[in-house]
Number of protein chains: 2
Amino acid sequence: MATIKEIADKAGVSIGTVDRIIHNRGRYSAQTAARVQSIIRETGYRPNLMARNLSTSGSCRIGVLLPLPEQDSGYWSLPLGGIQRAGGELEPFGLSLEIRHYNRYHSAGNNSFAAASSELLSEKLDGLLITPLLEPSTLEFLDRVKAGIPDLPVIFFDTDLPKAPRLSYIGQDSYQSGRLAARLMNMLVTAEQPPGVPRILIITPDSDNEHLKNRICGFTEHFIGELEVLKVTVESDHNLGIFHKLLDSELQEKSQKGPPGGIFVADASAHFVADYIVSSDSLPADRPSLIGYDLVPENCKWLKDGVIDFLLTQRPAEQGYNGVNRLFRKIFLDEDAPEIEYTPIDIVTKENLDYLVDRKAREVL
Amino acid sequence: MATIKEIADKAGVSIGTVDRIIHNRGRYSAQTAARVQSIIRETGYRPNLMARNLSTSGSCRIGVLLPLPEQDSGYWSLPLGGIQRAGGELEPFGLSLEIRHYNRYHSAGNNSFAAASSELLSEKLDGLLITPLLEPSTLEFLDRVKAGIPDLPVIFFDTDLPKAPRLSYIGQDSYQSGRLAARLMNMLVTAEQPPGVPRILIITPDSDNEHLKNRICGFTEHFIGELEVLKVTVESDHNLGIFHKLLDSELQEKSQKGPPGGIFVADASAHFVADYIVSSDSLPADRPSLIGYDLVPENCKWLKDGVIDFLLTQRPAEQGYNGVNRLFRKIFLDEDAPEIEYTPIDIVTKENLDYLVDRKAREVL
DNA sequence: TTACCTTGCGTTAACGTCCACGCAGCGCAA
DNA sequence: TTGCGCTGCGTGGACGTTAACGCAAGGTAA
């Protein structure tokens, strides 16, 4: 591999000049620049990263901004796990993380987001990984970032804001996962239920979340049978009592139709429904099939117990891990990340759960 | 972070002495060694990897030994993809790979394995990643390796040889995946078949492969219904003609029992069965359910077409990727790998296939 | 005694890159 | 004329580690 010294020798200049040309720090003539550039191209020179890192005592600080880990049934601890794993693995190479959380349901003024983002702004960052759930606040934050550090690489994960100035997005195809849920539900209800057209309940918080809408859209377009959508309106985070009351009234009111053959829960709160199912007397011993999302601890428990039949998930830990990794490689190696990266949709049953939950999370169960 | 110089100052010796103690290269007294060691512990000193790598112009050469990529319906190109991806990602950090293939069905004398392994032996290697399918040859090879480079880190993937002197194993829980296949088959045959006890065909090459045995064991122990095992004896690699003849005779002889309700193919050759199903007149329009293994291109095609219902897989690309990564981190950072690492069992349908197949493989389709 | 080990250190030049300097030559204004 | 700033370079130290080398002090054998 060629070194700066060799380039310098070939060009008949000193390493200082080559270095200035490479980093266009001025102090060279256009002619020498052209000569050196062409030699660099010819030799296929690439800087030695070890030397560079040693010399600059290269630190790569990545700011991370995501909701409080315990929110959404603990969903956010999953990407957080991946983020921290990547942070640990890349620490020997000079990476450090600045992780901040915000309350995604604290909408009145969004002080929580503002505080967390301001903290990040005051750090000297080389990259930014964020979940842009609160669109206006995020855009405002990015404006301020841009004013301070003009071309800071920013990666979104979980949710996209295509119009925002981001490097790339790592996330999920929620429509397709809803479609897959429908296929599985079709199998379940014809296999385990009495003949006849099954009635299916779709449970979703009444939020304007794109993912939830898309999952439900994918589900309804591909499910064969009668569907009924039950929106559970929750002001802030979910809550067991609310769910139970809503499900009670739902099943009482519509009891003439009989119990549902299956329930599709579009977010991570399937465990609330599972709680309800096992504790409720109004449902027959022949439980409805239940499909939900995400490997939060409570969901895993009910999957193991057989109350939840399937959990779908789109590898939140991998999203976090890849986000950090991509940013690091962008900053450290100037390697380009794909603009959009979808993580695979996993189908989880009690048979393959164990190998999908990482060790730390498994200890909780 | 503390440096060697700081350690040396605190201990009242020179950096040369500290270095010799760290690498126990002799030339120091027991007392100074003890003093320096304790200071190292106190300060939590860890060597700067950039500097080390720069100084040694550190290269990390990993030898890889696996079957020919096209064997087993092209299965081996999947881990190979992961291996090459890791190789590319870690190349900036000084990693280089020496990849050699062998013919796993060339059993008479196994010249192919011998040739490939000898080639690797003549390279100056820092680590070894191998698929030990041919046990005696592998053990012999490892003996020769050990004679040359006493404690070369060796990682097995795909298949384990617990008694061999290896660092760790990265692979799959094949029993559990068979069990999962049984659960899915139960759902399929009760959902899509006429009522009554379904008859299921299990197809497997008559090899002594542990994975295949375990998958079938897991399947038979958890399937509810009538089972019939059909062993397709193949001398070397699979072959379409053999499959078709065997299936023909199978279905002719036992036609009084009616066509099978489902077929479970325990290895990557489900696509041969799919070929047979669509081209055969002896089967009704109502096709048997079909569950197979692994995302080889032909399997993916039939999954997309709906002839194969489910494919199970245990992330072969991730196995290869992790193998290289673990070795690199062992060699470069002296970081310990877990002794056994199981990759998750994925359930693949036509709905989630796209995000599980990497770009290069997708282009083939 | 001389010659030649060994032990226990210290010194120093790499490794490739970055960057703060230094310096000559030139133009320009006071 | 001096002084100053700019352009276009070269020089050399630093980053932390490695490993070759040097060198006394002491031991041993001839």
Side-chain angles (χ1 to χ4, degrees), chain A residues 1-37 39-40 43-61 91-96 124 126 331-334, chain B residues 1-37 39-40 43-61 91-96 124 126 331-334:
Chain A
M1 199 59 192
T3 69
I4 275 203
K5 196 169 180 312
E6 290 169 12
I7 304 289
D9 287 349
K10 288 197 184 176
V13 293
S14 76
I15 59 165
T17 304
V18 175
D19 186 64
R20 263 170 277 137
I21 291 170
I22 288 176
H23 298 88
N24 25 276
R25 284 192 280 113
R27 300 288 164 123
Y28 52 81
S29 69
Q31 307 157 43
T32 30
R35 193 149 35 93
V36 167
Q37 299 279 18
I39 291 174
I40 285 180
T43 56
Y45 165 79
R46 275 173 41 194
N48 181 319
L49 297 168
M50 304 301 158
R52 166 172 296 176
N53 206 263
L54 178 61
S55 178
T56 58
S57 71
S59 68
C60 169
R61 292 169 68 80
E91 191 228 303
F93 299 102
L95 175 71
S96 61
K124 266 251 137 293
D126 306 295
I331 296 160
F332 199 86
L333 313 176
D334 196 37
Chain B
M1 198 61 192
T3 68
I4 274 204
K5 195 168 179 314
E6 289 169 12
I7 304 290
D9 287 348
K10 288 198 184 179
V13 293
S14 74
I15 58 166
T17 305
V18 175
D19 186 65
R20 262 170 277 137
I21 291 170
I22 288 175
H23 297 88
N24 27 274
R25 284 193 279 111
R27 300 287 165 124
Y28 52 82
S29 71
Q31 308 156 44
T32 32
R35 194 150 33 92
V36 167
Q37 299 278 18
I39 292 175
I40 286 181
T43 56
Y45 164 79
R46 276 173 42 193
N48 181 318
L49 298 167
M50 305 300 159
R52 166 173 296 175
N53 206 261
L54 178 61
S55 178
T56 57
S57 71
S59 67
C60 170
R61 294 169 66 80
E91 191 228 302
F93 299 102
L95 176 71
S96 62
K124 264 250 139 292
D126 305 296
I331 296 161
F332 199 85
L333 314 177
D334 196 37

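Naming: A, B, ... by sequence-line order, numbering from 1 per chain. The shown structure was predicted, so the numbers you read here are calculated from the model rather than taken from an experiment.
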Under-4.0 Å side-chain N/O to phosphate OP1/OP2 contact, [X] with [N]:
{"X": "B:His23", "N": "D:dT18", "answer": "yes"}
{"X": "A:Ser14", "N": "D:dG10", "answer": "yes"}
{"X": "B:Ser29", "N": "C:dT7", "answer": "no"}
{"X": "B:Thr32", "N": "C:dC9", "answer": "yes"}
{"X": "A:Arg25", "N": "C:dC19", "answer": "yes"}
{"X": "B:Tyr28", "N": "C:dT6", "answer": "no"}
{"X": "A:Thr3", "N": "C:dG16", "answer": "no"}

Query raised in the report: Looking at B:Pro92 and A:Arg46, what are the two nearest heavy atoms and their distance?
Result: CG-NH2, 4.3 Å
**Report entry** Earlier contact from the 5' end, DNA chain C, for B:Arg27 and B:Leu54
**Finding:** B:Arg27
Query raised in the report: For B:Thr17 and A:Gly16, take the nucleotide of DNA chain C holding the closest heavy atom to each; which residue's nucleotide lies nearer the 5' end?
Result: B:Thr17
To the nearest Å, give me how far apart [atom1] ([X]) and [atom2] ([N]) are.
{"X": "A:Phe332", "N": "C:dT17", "atom1": "CZ", "atom2": "C1'", "answer": "12 Å"}
{"X": "A:Lys5", "N": "C:dC18", "atom1": "NZ", "atom2": "P", "answer": "16 Å"}
{"X": "B:Asp19", "N": "D:dC21", "atom1": "CG", "atom2": "C1'", "answer": "14 Å"}
{"X": "B:Asn53", "N": "C:dT17", "atom1": "CG", "atom2": "P", "answer": "13 Å"}
{"X": "A:Ile21", "N": "D:dT7", "atom1": "CD1", "atom2": "C1'", "answer": "14 Å"}
{"X": "A:Ile40", "N": "C:dT17", "atom1": "CD1", "atom2": "C1'", "answer": "13 Å"}
{"X": "A:Leu49", "N": "C:dC15", "atom1": "CG", "atom2": "P", "answer": "18 Å"}
{"X": "B:Ile4", "N": "C:dT12", "atom1": "CD1", "atom2": "P", "answer": "17 Å"}

Requested in this report: Would you classify A:Asn48 as touching base, sugar-phosphate or nothing, given that sugar-phosphate means primed atoms plus P, OP1 and OP2, and contacts are heavy atoms under 4.0 Å?
Outcome: sugar-phosphate
Query raised in the report: Checking all strands, does A:Ser57 fall into the base, sugar-phosphate, or nothing category for heavy-atom contacts under 4.0 angstrom?
Result: nothing
Query raised in the report: Is there a donor and acceptor pair, one atom on the side chain of A:Arg20 and one on the base of D:dG10, closer than 3.5 Å?
Result: yes
Query raised in the report: Can any side-chain N or O of B:Ser55 pair as donor or acceptor with the backbone N or O of B:Ala51 at less than 3.5 Å?
Result: no
Query raised in the report: Do B:Thr3 and B:Asn48 pass the side-chain contact (heavy atoms from CB on, under 4.5 Å) test, and can you show the C-alpha distance, the side-chain angles, and the key distance before you say yes or no?
Result: CA-CA 8 Å; B:Thr3 68; B:Asn48 181 318; over 6 Å; no
Report task. Scan A:Val18, A:Ile39, A:Ile21 and name whichever one has a side chain to side chain contact (heavy atoms under 4.5 Å, CB included) with A:Val13. Result -> A:Val18
Query raised in the report: Taking it one step at a time, do B:Leu49 and B:Phe332 satisfy side-chain contact (heavy atoms from CB on, under 4.5 Å)?
Result: CA-CA 8 Å; B:Leu49 298 167; B:Phe332 199 85; 4.0 Å; yes
Requested in this report: Before giving the answer on side-chain contact (heavy atoms from CB on, under 4.5 Å), spell out for A:Tyr45 and A:Ile22 the whole-Å C-alpha distance, their side-chain angles and the decisive distance to 0.1 Å.
Outcome: CA-CA 11 Å; A:Tyr45 165 79; A:Ile22 288 176; 3.7 Å; yes
Requested in this report: Identify, between A:Ile15 and B:Met50, the residue whose nearest nucleotide on DNA chain D lies closer to the 5' end.
Outcome: A:Ile15
Report task. Could you check which of D:dT17, D:dA14, D:dG10 has an atom nearest any side-chain atom of A:Ser55? Result -> D:dA14
